[in-house]
Amino acid sequence: MSTHDSATPHTPISVLGQLSIDEFLRDYWQKKPLLIRNAWPNFIPLLPADELAGLSLEDDIETRLVVENGESGSWQVKKGPFTESDYQALPKDKWTLLVQGVDQWLPQAAALLDHFRFIPSWRLDDLMISYAVDGGSVGPHYDQYDVFLLQAEGQREWRIGQSCNNNSPLLSGTDLRILANFNETESWVLNPGDMLYLPPLWAHYGRSIGECMTYSIGFRAPSSGQLLERTVDAILPKITEDSRYHDEDLTALEAGAEISAKAIARLRKLIIEQLNDDQTLAQVLGQLLTEAKYPEYAPPAPELNNNNIEPLAASMQGIDTLTRSLQSRFAWHQQEDDIVFFTQGEAFHLSKS
């Protein structure tokens, strides 16, 4: 674990402080935590706590309330939308409001994510804002993705612990994935503008000191299962009946019912040959990671091809500003003389020109 001070407030905002992007990627990204004091000098919250609570009353917005000592037991979690009576029934302390995907609805929240695009933009997931009263927490836990925790208002104590995995024991009796054992190694109190980076699977435990707001910048990390499923779906239509298991190197020693090590090696070679297609793998990543977070609210992908792209570009002449829809994600891949453009989980092949 390391601590790094930020540059002076007079320099352009770099959320990595005095660290260069190369230093951060080499020494910390997906390797170890990093505390950056004054990462965002003079940070001004995007919205006050009462407006954040107002978002939780909306049907479209994903929200949760976590109460450490609820009427029906410890670590209760309730999903929104909420009502004013829900808030009136809350205890005086030890509860937290979590509002997911704020960047999907507020342009200023989407603009905040632009400061984290030193990581590929198709890896960015969303901005979650949490508001907590004194002692508010979601318990000791770990995430399966990278996260930057930017303190926006008030103070929060963060403790970090052990590296976890799917076998790490969890508390029973709650819908939250709270660690049964938390082995603290370091702790800090974060003030507004301070930021903590955590790699995947790193145990952490945050608790508010008085009222506070914390911004969580999370990243998309599809599981191996998701990627394999999508890859198989992409490859299967391209496989012909002539592509079969073969064993021209068969030896007499392999006779009988045993599945030999050579047979396994042949199967591995066959599968790898089918996977050895960069264009298909780019398509898998591009389509999966540009799918909208909330598809029901996202605009449909445009129909793009080499015949309509020039008229579309011409129609944009004279427009001063073009803005990406907040629910849209973009990625692209160069493929010989073509560009494959991905958005909303679809792929469009366009000439490089």
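Arg329 has a carboxylate O that lies under 4.0 Å from a charged side-chain N of Asp125, or vice versa, which qualifies the two as a salt bridge. Contact check on Asp249 versus Lys262 returns no salt bridge, with no Lys/Arg side-chain nitrogen under 4.0 Å from an Asp/Glu carboxylate oxygen. Between Glu254 and Arg266, at least one side-chain nitrogen of the basic residue sits less than 4.0 Å from a carboxylate oxygen of the acidic one, meeting the salt-bridge criterion. Comment: Asp233 does not engage Arg230 in a salt bridge, judged by the lack of any side-chain N to carboxylate O separation of less than 4.0 angstrom. A salt bridge between Asp146 and Arg123 is present, with a side-chain N of the basic residue lying under 4.0 Å from a carboxylate O of the acidic one.
Taking CD from Glu291 and CH2 from Trp122, the interatomic distance works out to 14.0 Å, rounded to the nearest 0.5 Å. Interatomic distance, Ser208 OG to Trp95 CH2, rounded to the nearest 0.5 Å: 10.0 Å. Considering OG of Ser216 and CD of Gln100, their distance stands at 8.5 Å, rounded to 0.5 Å. One distance of note links CD of Glu62 with NZ of Lys79; it measures 7.5 Å at 0.5 Å rounding. The distance from atom CH2 of Trp202 to atom CD of Gln162, rounded to the nearest 0.5 Å, is 10.5 Å. A distance of 9.5 Å separates CG of Leu35 from CE of Met195, quoted to the nearest 0.5 Å.
Shown here is Lys92, whose NZ atom has no more than 12 heavy atoms of other residues, nucleotides or ligands within 6.0 Å. Annotation: Ile44, atom CD1; neighbour count of heavy atoms from other residues, nucleotides and ligands within 6.0 Å does not exceed 12.
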Take Ser325 and Gln344 through the test side chain to side chain contact (heavy atoms under 4.5 Å, CB included) and record every step on the way to the result. CA-CA 11 Å; Ser325 162; Gln344 313 300 73; 5.9 Å; no
Are Phe330 and Ser121 close enough, and set up right, to give a side chain to side chain contact (heavy atoms under 4.5 Å, CB included), and what steps lead you there? CA-CA 8 Å; Phe330 302 152; Ser121 59; over 6 Å; no
Might you work through the side chain to side chain contact (heavy atoms under 4.5 Å, CB included) test for Ile160 and Leu198, ending with a clear yes or no? CA-CA 9 Å; Ile160 63 168; Leu198 291 170; 3.8 Å; yes
Could you please spell out the steps behind the side-chain hydrogen bond (donor to acceptor under 3.5 Å, both in side chains) verdict for Glu211 and Tyr131? CA-CA 7 Å; Glu211 296 181 60; Tyr131 165 80; 2.4 Å; yes
Carefully, step by step, assess Thr214 and Leu190 under the rule side chain to side chain contact (heavy atoms under 4.5 Å, CB included). CA-CA 10 Å; Thr214 303; Leu190 269 65; over 6 Å; no
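In this structure, Leu176 and His141 have side chains that are not in contact, with every pair of non-hydrogen atoms separated by 4.5 Å or more. Using a 4.5 Å heavy-atom threshold, the side chains of Asp143 and His204 count as touching. Under the 4.5 Å side-chain criterion, counting only non-hydrogen atoms from C-beta, Leu34 is in contact with Leu19. Side-chain contact between Asn69 and Pro91 is absent, with no heavy-atom pair separated by less than 4.5 Å. The closest side-chain heavy-atom distance from Pro33 to Pro199 is below 4.5 Å. The shortest distance between side-chain heavy atoms of Trp158 and Arg207 does not fall below 4.5 Å. Inter-residue side-chain proximity for Leu98 and Thr63 is flagged as unmet; no heavy-atom pair is nearer than 4.5 Å. Counting heavy atoms from C-beta outward, Leu281 and Thr231 have side chains that approach closer than 4.5 Å.
Relative ring orientation between His115 and Trp40 is described as perpendicular, the plane-to-plane angle rising above 60° on a 0-90° scale split at 30° and 60°. Using cut-offs of 30° and 60° on the angle between ring planes, the pair Phe118 and Phe116 is tilted.
Criterion: ILVMFWY side-chain heavy atoms under 4.5 Å apart, direct or through other members. Under it, Val102 and Leu57 are part of a common hydrophobic cluster. Transitive grouping of hydrophobic side chains (ILVMFWY, heavy atoms separated by less than 4.5 Å) keeps Phe342 and Phe348 in distinct clusters.
Proximity of the aromatic rings of Trp29 and Phe219 is defined here by a centroid distance below 6.0 angstrom, and this criterion is met.
A side-chain donor-acceptor contact under 3.5 Å links Tyr197 to the backbone of Gln30.
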